[in-house]
Asker: 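Sending over a structure as structure tokens; questions will come in a sec.
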Amino acid sequence: MITGVHRNAKLVINKQALYHNINSESSRLDAGTELFMVVKADGYGHGAVQVAKVAKAAGATGFCVAILDEALELREAGLMEPILVLGVIRPKDALIAATYNISTTLPSNEWLQATVAELAHHPDASKLNVHIALDTGMGRIGFQTVASMKTALALAASNEQLINIEGVFTHFSTADSNQIEATNYFHTQVGRFNQFMAALPTRPRYVHVSNSATSLWHQECNGNMIRFGVAGYGLNPSGTEVKPPYELQPALSLETEVVHCKLVPAGRSIGYGATYTTTKDEWIATLPIGYADGYVRALHDFHVLVDGQFCPIVGRICMDQFMIKLPKQVGIGTKVTLIGKNGQNEISLESIAEKCGTIHYEVACLFQNRLPRVYI
Ligand SMILES: *Cc1c(COP(=O)(O)O)cnc(C)c1O
């Protein structure tokens, strides 16, 4: 997708905020515990390579991504730190991962057999580093029983010229809540993880269980590496439920400018479906951004900030434009904040997510490359 560099709309990414969040966490960790910054989905919409570089300066010693191509993007940008692909790669791509020294997730014995068979065709290749995924209750990928994990260990051991067990990990599904059911489930998962660990003959290089929520609120479980994602971007993994141990500074703002402003007489309608009709003379401005950029239609009755004041959106959000109602005329080029601070007021990603009935993770990922990103 082409990036709109000749347009009046941009994502502004504050590198100091990223640095603050990541460094606050990495300085809190026990000695010997590493922080891998999770930069999947183009760094949660913030730009993977740029985020990875800031993370490295802030104390991250490795990165996690979801798919192999995201790992290759980091390698192409010259980042040589350890990278773990958290999703399941195709066994036929194992040679690529091994060649670029990209660690992958070992989700099942089926996957391991197929991957060993693939790598056996390339005996001179580097070994593939894998992290055993343990399904302790997330129900997504990984081994559910100690016996199946042992089968994998045996298969890996008999192919040690091809496969190196570099890590073991699990993923918690309820670490972001302090409700009693969530806490109980968290401890059930911890218990199962400990049973797996007791059955491992040797501890691999990396033992890790923590996403942001686990590291923020269950630090004692961390192992020797954490997979730090959403909180690094300044977003509270629990939404507003649980307070973080330090201030999280949101790194992303979304800004645009008024491209058209007019006085509309009473009784005229605005936008597709004519869903809004003026009741008196009203100042209506048009903004050059829409749902194709990730500013979704569910926001049709939300608001934006102009000169520090909340102004309502009127009419439906179009693909590339939408309209707002102003208290008075403003000049073409007036700054409009869709996410972030403007004067005394602020619109958080969290409030947008709430409005859309989703979570801030999803809102951030939806911003398209059509929006240029500016790093300050
Ligand atoms: C995405 C992901 C993370 C990061 O989670 P956050 O909540 O963003 O910190 C960690 N581990 C795994 C396995 C993931 O898929």
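Just so you know, residue 1 is the first one in the sequence shown, and it goes up from there. Counting starts at 1 for both ligands and their atoms, in listed order.
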Asker: Specify the protein heavy atom at minimum distance from atom 12 (C) of ligand 1: its residue, its atom name, and the distance to 0.1 Å.
Answerer: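 Closest protein heavy atom to atom 12 (C) of ligand 1: H171 CE1, 3.3 Å.
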Asker: Quick check on contacts: which atoms of ligand 1 are under 4.0 angstrom from a heavy atom of Y361?
Answerer: 6 (P), 7 (O), 8 (O)
Asker: Would you mind telling me if ligand 1 is within reach of the side chain of S212, the backbone, both or neither, using heavy atoms under 4.0 Å?
Answerer: both
Asker: Angle between ring planes, Y246 versus H20, binned at 30° and 60°: parallel, tilted or perpendicular?
Answerer: perpendicular
Asker: Are Y206 and F36 an aromatic pair by the rule of ring centers under 6.0 Å?
Answerer: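 Between Y206 and F36, the centre distance is under 6.0 Å.
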Asker: Mind checking whether H303 and F310 have parallel, tilted or perpendicular rings, split at 30° and 60°?
Answerer: perpendicular
Asker: Side-chain contact test, heavy atoms from C-beta onward, threshold under 4.5 Å: evaluate it for D42 versus R373 and give yes or no.
Answerer: yes
Asker: In this structure, are over 12 heavy atoms from other groups packed under 6.0 Å from K262 atom NZ?
Answerer: yes
Asker: Going by the order shown, which atoms of ligand 1 are within less than 4.0 Å of some heavy atom of K40?
Answerer: 1 (C), 2 (C), 3 (C), 14 (C), 15 (O)
Asker: Can you confirm, on distance only, whether ligand 1 has an N/O atom lying under 3.5 Å from any N/O atom belonging to V38?
Answerer: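 No, V38 has no N/O under 3.5 Å of an N/O on ligand 1.
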Asker: Fit a plane to each ring of H218 and F186, take the angle between them on a 0 to 90° scale, and name the class: parallel (under 30°), tilted (30 to 60°) or perpendicular (over 60°).
Answerer: parallel
Asker: Compute the minimum heavy-atom distance from R140 to ligand 1 and say whether it is under 4.0 Å.
Answerer: yes
Asker: Distance to 0.1 Å, residue and atom name: give those for the protein heavy atom nearest to atom 5 (O) of ligand 1.
Answerer: N211 CB, 3.5 Å
Asker: Taking N or O atoms only and a 3.5 Å limit, does L86 qualify as a polar contact for ligand 1?
Answerer: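 Looking only at distances, the answer is no, because the N/O contact criterion of under 3.5 Å is not met.
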Asker: Under a 4.0 angstrom heavy-atom cut-off, which atoms of ligand 1 come close to Y44?
Answerer: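 By the 4.0 Å cutoff, the relevant atoms are 1 (C), 4 (C), 5 (O), 6 (P), 8 (O).
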Asker: Which of the listed options, H131, R227, M37, holds the heavy atom that is closest to atom 11 (N) of ligand 1?
Answerer: R227
Asker: Report yes or no: do T278 and E282 form a side-chain donor-acceptor pair below 3.5 Å?
Answerer: no
Asker: Do S103 and H131 touch side chain to side chain, with heavy atoms closer than 4.5 Å?
Answerer: yes
Asker: Give the numbers and elements of all ligand 1 atoms closer than 4.0 Å to a heavy atom of G229.
Answerer: 6 (P), 8 (O), 9 (O)
